[in-house]
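Data block below; observations after.
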Amino acid sequence: MQRTGNILTAGKQLATEAAPGPRFIASHALATVPRYTSFPPANRFDVAIDEGDYRQWLAAIVPDEPLSLYVHVPFCKSLCWYCGCHTTVPNRQERVVEYLGALQREIGMVAKLVNPQAPVTHVHFGGGTPNYLSPDELDGVIGALKQGFPFSDDTEIAMEIDPRSLDDGHIETLTRYGSPRISIGVQDISADVQALINREQPFEIVEDCVKRLRRAGVAGINIDLIYGLPGQSVDHVVHSATRCAALGPDRFAVFGYAHVPWFKKNQRAIDEARLPGARERFDQSLAVAKALTDCGYTAIGLDHYARSDDPLCTAQAEGRLRRNFQGYTTDPTDVLIGFGASSIGTFRQGHVQNDPHLLGYAKALDAGRLPVVRGIALTPEHRRTGAVIERLMCDFSVDLAAAADQHGCEVDVFAPALSTLDPLCREGLVEIDGNHVRATAAGETYIRIIAACFDSGFAPQSQRHARSV
């Protein structure tokens with residue numbers, strides 16, 4: 001743990017405000033830490049976990065165990081330069097057809113290994129651009145899922161979409177299976193910023209998309225925004241937030257742009273000289289938060305916002321908020337099965353990830369093998385650390401005595417983490433009252449750094465994680 005403490009206190013820490021609310025601290029704003037959408041983070045997976053482990057974990061799912069399913073669609077019509085997702089622009093339609101064939105084979109193979117009485121509560125389509133698929137292709141994938149797994153009238157189907165290519169056929173397909181939740185990728189509505197990220201998307205397209213979804217009876221509409229993009233200013237992010245809030249979506253997700261051109265080659269097209277600095281990113285994050293809360297949205301965890309009647313608000317108030325690979329959620333399930341290239345699955349025993357390469361993914365399935373290429377088995381330390389970090393990320397506080405009791409250990413096991421928190425306590429970012437740890441109003445902005453103090457496996461590597469703000 002000591003190396004984490006060294007990093008957290010390294011450098012000159014510049015507090016520019018004395019107020020108890022959020023304040024800019026240069027070393028913390030520049031720090032790179034995991035997003036903690038899972039624990040351990042995916043960059044710690046290794047090849048020691050393979051298909052054999054995955055098959056055992058699938059077979060261990062008990063009757064009536066609720067399941068969530070994730071489906072990855074790794075295709076886009078054009079590549080946005082900011083994108084950090086696993087996606088590609090297919091040069092021929094045959095690639096899409098071949099992928100869908102492999103995807104449906106994977107769904108069928110996995111379904112045969114899972115207890116048929118385990119119900120599906122949530123399905124999430126991510127990408128890429130899931131609505132790159134035609135309505136018929138999308139219907140085929142959902143049909144394969146329903147054939148292999150028991151759905152109910154309450155099963156929620158959520159899908160990330162690009163509003164520029166959403167047609168009425170997609171909407172009709174989704175609403176046929178109930179009331180879906182749709183997340184609209186907006187990022188920024190200003191033409192000058194859009195030109196710098198290769199995503200031209202006039203606001204009128206977003207507005208029309210929301211209207212069509214509402215007319216079709218879609219009850220759950222989310223909008224995704226990003227700050228820290230090239231050419232962005234506080235005025236840009238406030239303008240995007242307020243214009244989009246006027247459309248009345250149920251939720252917002254607001255992410256800081258992660259510039260990792262060594263990992264995502266498309267980001268090399270971005271002019272780094274136009275990227276906002278650390279203080280500018282900090283100011284943008286606060287400005288968009290204020291704009292959305294001024295519009296009546298409630299802050300949910302680190303980066304989500306929801307209307308007061310949204311289930312996320314209820315879950316947060318009741319201490320039931322969860323965090324997974326899709327962000328903050330009300331989904332209570334402990335099992336997430338991932339389908340498609342690069343997808344990740346979560347089980348009580350550990351995490352697995354499919355081959356991210358389309359060719360390798362398809363070849364494995366052609367050979368009758370599940371395409372898992374890496375993962376991690378959870379130790380007791382992983383489980384208790386993950387539980388503590390999830391409560392910090394969701395509630396900004398955690399009762400360590402309760403966590404120790406839940407995981408059958410002594411509370412003293414957290415002593416090294418509490419020692420590492422000392423510098424943050426002195427900075428007024430954390431308060432410790434006995435076994436209760438709470439981020440202050442100033443510390444909530446840096447909650448990922450606070451969480452990292454409990455992560456004994458965290459080794460700061462600037463090219464492995466996103467900035468804390």
Side-chain donor-acceptor distances from residues 52-61 under 3.5 Å, at least two apart:
{"from": "D53", "atom 1": "OD2", "to": "D50", "atom 2": "N", "distance (Å)": "3.0"}
{"from": "R55", "atom 1": "NE", "to": "E51", "atom 2": "OE2", "distance (Å)": "2.9"}
{"from": "R55", "atom 1": "NH2", "to": "E51", "atom 2": "OE2", "distance (Å)": "3.2"}

Considering non-hydrogen atoms only, spot the tightest contact between V469 and Y446 and give its length.
-> CG2-CE2, 3.9 Å
Looking only at atom types and distance, does a side-chain atom of N266 sit under 3.5 Å from a main-chain N or O of C80, one as donor and one as acceptor?
-> yes
side-chain contact (heavy atoms from CB on, under 4.5 Å) against N115, all qualifying residues, sequence neighbours excluded = P63, Q117
For L174, which of L138, D139, L213 qualifies under side-chain contact (heavy atoms from CB on, under 4.5 Å)?
-> L138
If only atom types and distance count, is the side chain of Q284 paired as donor or acceptor with the main-chain N or O of L229 below 3.5 Å?
-> no
Do S152 and V120 come close enough that some side-chain heavy atom pair is under 4.5 Å?
-> no
Ring-ring centroid check F75 Y99, cutoff 6.0 Å | yes
Close side-chain approach of D162 and Y132, heavy atoms under 4.5 Å | no
Nearest heavy atoms of R181 and E156, plus distance in Å = NE-OE2, 3.6 Å
Side-chain touch L103/V71, heavy atoms, less than 4.5 angstrom | yes
Checking N354 side chain against A341 main chain: does a donor-acceptor pair fall under 3.5 Å?
-> no
Across all chains, not counting sequence neighbours, the salt bridge (Lys or Arg N to Asp or Glu O under 4.0 Å) partners of E98 are R92
Might you confirm whether atom CG of D46 has over 12 heavy atoms from other residues, nucleotides or ligands at distances under 6.0 Å?
-> yes
Name every donor-acceptor pair, under 3.5 Å, that has one atom in a side chain of residues 345-353 and the other anywhere in the protein, sequence neighbours excluded.
{"from": "T346", "atom 1": "OG1", "to": "H351", "atom 2": "ND1", "distance (Å)": "3.1"}
{"from": "R348", "atom 1": "NH1", "to": "E65", "atom 2": "OE1", "distance (Å)": "2.6"}
{"from": "R348", "atom 1": "NH1", "to": "E65", "atom 2": "OE2", "distance (Å)": "3.1"}
{"from": "R348", "atom 1": "NH2", "to": "E65", "atom 2": "OE2", "distance (Å)": "3.3"}
{"from": "R348", "atom 1": "NH2", "to": "D334", "atom 2": "OD2", "distance (Å)": "3.1"}
{"from": "H351", "atom 1": "NE2", "to": "F39", "atom 2": "O", "distance (Å)": "2.9"}
{"from": "Q353", "atom 1": "OE1", "to": "R374", "atom 2": "NE", "distance (Å)": "2.7"}
{"from": "Q353", "atom 1": "OE1", "to": "R374", "atom 2": "NH2", "distance (Å)": "2.6"}
{"from": "Q353", "atom 1": "NE2", "to": "S342", "atom 2": "O", "distance (Å)": "3.0"}

For the side chain of T129 and the backbone of N131, is there at least one donor-acceptor N/O pair under 3.5 Å apart?
-> no
Audit row: Y297, F252, ring-ring contact (aromatic ring centres under 6.0 Å, His included) steps and yes/no | CA-CA 9 Å; Y297 289 86; F252 281 89; 5.1 Å; yes
So, the side chain of H170 versus the backbone of L133: is there a donor-acceptor pair under 3.5 Å, distance only?
-> yes
Is the CD atom of E410 crowded by more than 12 outside heavy atoms at less than 6.0 Å?
-> no
Would you please test D283 and R279 for salt bridge (Lys or Arg N to Asp or Glu O under 4.0 Å) and show each step?
-> CA-CA 6 Å; D283 290 343; R279 179 58 196 251; 3.0 Å; yes
Would you name the heavy atoms of A451 and M393 that are closest together and state the gap between them?
-> CB-SD, 4.3 Å
Which residue pairs pass the side-chain hydrogen bond (donor to acceptor under 3.5 Å, both in side chains) test when at least one of the two sits in residues 435-444, sequence neighbours left out?
-> E431-R438
Got a donor-acceptor contact below 3.5 angstrom from the K264 side chain to the C83 backbone?
-> no
Just wondering, do H122 and L69 contact through their side chains at under 4.5 Å, heavy atoms?
-> no
Report, as yes or no, whether the 6.0 Å neighbourhood of atom CG on D309 holds more than 12 heavy atoms from other residues, nucleotides or ligands.
-> yes
Is there any ring-ring contact (aromatic ring centres under 6.0 Å, His included) pair reaching into residues 398-433, and which pairs are they, with sequence neighbours excluded?
-> none
